[in-house]
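Input: a single structure, listed below in structure tokens.
Here is the naming used below: chain letters follow the sequence lines, and residue numbers restart at 1 for every chain.
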Amino acid sequence: MTQAQLAQGTSPLLAVRDVSVVFGGIVALNGVSFDMHKGQILGLIGPNGAGKTTLFNCLSRLYQPSSGDILMEGASILTRPPHRIAEIGIGRTFQNVALFPNLSVMDNVRVGAHSKTSSDIISDSLRLAWVRRSETDVNKKVHEILAYLKLEDVAHTVVSGLPFGTQKRVELARALAADPKILLLDEPAGGLNHEEVYVLGDLIRRIRDDRHMTVLLVEHHMGLVMSIADHVVALNFGKKLAEGTPAQVQVDPDVIKAYLGSKDQ
Amino acid sequence: MSAVEEVVTEAAAVEAVPKRAMTLGTGTSLLVLAALIIMPIFVKNFIIFQMTMLLIYGLAVLALNILTGGSGQFSLGQSAFYAVGAYTTAVLMEHFDVNYALTLPIAGVVCFGFGFLFGQPALRLSGVYLALATFALATAMPQLLKLNFLEHWTGGVQGLVVTKPDAPFGLKMSQDMWLYYFSLVVVIGIYILAVNLLRSRSGRAFMAIRDNEIAASAMGVDVALYKTLAFGVSAAITGIAGSLGAIAVQFVAPDSYTITLAVSLFLGMVVGGVGWLPGSIVGAAFIIFVPNIAEGISKGLSGAVFGVLLFLVIYLVPHGARQVAILGQQLAGKLRKN
Ligand SMILES: Nc1ncnc2c1ncn2[C@@H]1O[C@H](COP(=O)(O)OP(=O)(O)OP(=O)(O)O)[C@@H](O)[C@H]1O
Ligand SMILES: [Mg+2]
């Protein structure tokens, strides 16, 4: 909380400016704007189909906004190809887990460090000294992250056989391996039980504090969002409905209506 | 301790193996190596020649394995890269008097460039469509080699005769045996480099692309670059196999490098186990020896017999030699426990 408040006056880490996305006839995002400040946990909420994942996909350059801009530390990201997003410090997880199913947990996380390292096929084939050194560093880092997320026991297990909850944790580990400045989490609590959600909330806060990351959290689990977010943005039908502290957004009449409306269906 | 650790599971279009299981354990590798070194001493020259071809096709299957097993891209066009390597060596040796050993790296570089360039348009295709595009390449290659204006260099339909090298340093060794050991050194060298590559950052990028392109690109992997690199590497290794093949057979001609060769290499990969590098040599053995066995069973119907044998293999061990290795290992593990 305090960290985020301190940052308020300064320029935002990430600025979403008037972003719209249209798929055929569907307007998935309609002029959405908000700022993210360093050290914040920003909760992005909204009923199914509100456009949350679409926004994430704009941030990772999988979708091209039809208008608007996205600025990371003041510079537009819209000129970058998707594979050059990780290097500016934007890391993510996916709503429906997008791991590399045939690779071990360790290798999945190692791929997460791809943007932080460099190599070429000749040096790699010859295992030159500098490549070996870089691999040693990567391995050290991967082990640290696996320990941090209590994944050491499954380090050498192929991920496709792991339970869904563990896979989600592996995805988080993979995202952490790139040391992102901003961590985008798309429904990390999906499929978790009550107890696990509580642990997850604690973990996200710890990641923010220990690893100095800023978190954009998409979540349907209101209890989780309201307990850990510093700031909440609510979307519905691609439009921003409300923005403010969890307490403010929770009592916002438009937000209440949107959620009640979606429950009626 | 175990070389092949994971149990075979059903998987999607490209049946993939985790990196650990892409290779053999050190002990097993050394045993295979020892067998390959000792064997020629006890057999006739013709068998030595066949073993050389086994190494060469094994190398070509390995190259396809890096492409398909590693990066998840299909190719029915490997015969084209093999042909370019073979012709590079033949032309350099016969027209420019270049030493045979020197032609290998040159063929590798030429084929890398060729594969890398071919990989560019192939980027827009995947799965079956990519297989079709590479199929077209394989079909076109023999015709390209017959083109009139190239005839001065390629010898047109006639092809080129290649001189078989003698053993150097006054070694008392038949040409066949020398070429076998020469090929063995090349193949083992490339095998080691290939294993290194697949275990490296680049290799992980290949496999990440194979498993999930979108996630790979979100991790910073330049999908287009690594896909074309995989094509380049695969083509380079196939080209070197082609070079060795030209020297071993002492002859290159357009019709030696038809789509049949490409299909054979593909078969070799499947029989050996997609993504399991040591399986390449088993796959190569299948495509070299099983047609002969089929002919031995029935001269008139050898094609049909080959088909039945192939069907049996695919039916009994759909994951190829790798599956047999895993079963063998599990059995050995059980015996040890008892
Ligand atoms: N690639 C696409 N092509 C066409 N329409 C799409 C595409 N992606 C999203 N949409 C549409 O855009 C709208 C917003 O979808 P989005 O996935 O962003 O919602 P969401 O807020 O993440 O929902 P949920 O909570 O269910 O995950 C939906 O109507 C969806 O059908
Ligand atoms: Mg979503």
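- Across every non-hydrogen atom of A:Arg174 and B:Met219, the tightest pair is NE-CE, 3.5 Å.
- With a 4.5 Å cut-off on non-hydrogen atoms, A:Thr117 touches chain B through its backbone and its side chain both.
- Closest non-hydrogen pair, B:Ala218 versus A:Ala86, comes out as O-CB, 3.6 Å.
- When side chains are defined from C-beta on, A:Asn102 counts as touching B:Arg210, because their heavy atoms get closer than 4.5 Å.
- Residue A:Phe164 qualifies as enclosed at atom CZ: its count of foreign heavy atoms under 6.0 Å is above 12.
- One distance of note links OG of A:Ser125 with CG of B:Leu197; it measures 4.0 Å at 0.5 Å rounding.
- Side-chain atoms of A:Asp124 and B:Ser202 form a donor-acceptor pair, as typed in the model, at a separation below 3.5 Å.
- The side-chain heavy atoms of A:Leu99 and B:Asn212, taken from C-beta on, include no pair separated by under 4.5 Å.
- Heavy-atom distances place no part of A:Ile85 under 4.5 Å from chain B, backbone and side chain included.
- Using a 4.5 Å cut-off between heavy atoms, A:Glu135 contacts chain B through its side chain alone, with no backbone atom that close.
- Summarising the geometry of A:Leu103 relative to B:Asp211, their closest heavy-atom pair is N-OD2, 3.7 Å, with the distance given to 0.1 Å.
- Using a 4.5 Å cut-off between heavy atoms, A:Asp120 touches chain B through its backbone atoms (N, CA, C, O) alone.
- Of the two parts of A:Ile122, neither the backbone nor the side chain holds a non-hydrogen atom closer than 4.5 Å to a non-hydrogen atom of chain B.
- Using a 4.5 Å heavy-atom threshold, the side chains of A:Phe94 and B:Ile214 count as touching.
- Rounded to the nearest 0.5 Å, atoms CZ (B:Phe112) and CD1 (A:Ile121) are 4.0 Å apart.
- Among the candidates A:Ala98, A:Ser60, A:Ser119, A:Gly112, the residue making the largest number of heavy-atom pairs closer than 4.5 Å to chain B is A:Ser119.
- A:His114 and B:Arg204 share no side-chain donor-acceptor pair at under 3.5 Å.
- Looking only at side-chain heavy atoms (C-beta outward), B:Asn196 and A:Leu126 stay at 4.5 Å or farther from each other.
- Ranked by heavy-atom pairs under 4.5 Å with chain B, the first of A:Pro180, A:Ser115, A:Pro101 is A:Pro101.
- For chain A, no part of B:Ala194 is nearby; none of its heavy atoms comes within less than 4.5 Å.
- Distance alone, capped at 3.5 Å, places no donor-acceptor pair between the A:Arg84 side chain and the B:Gly220 backbone.
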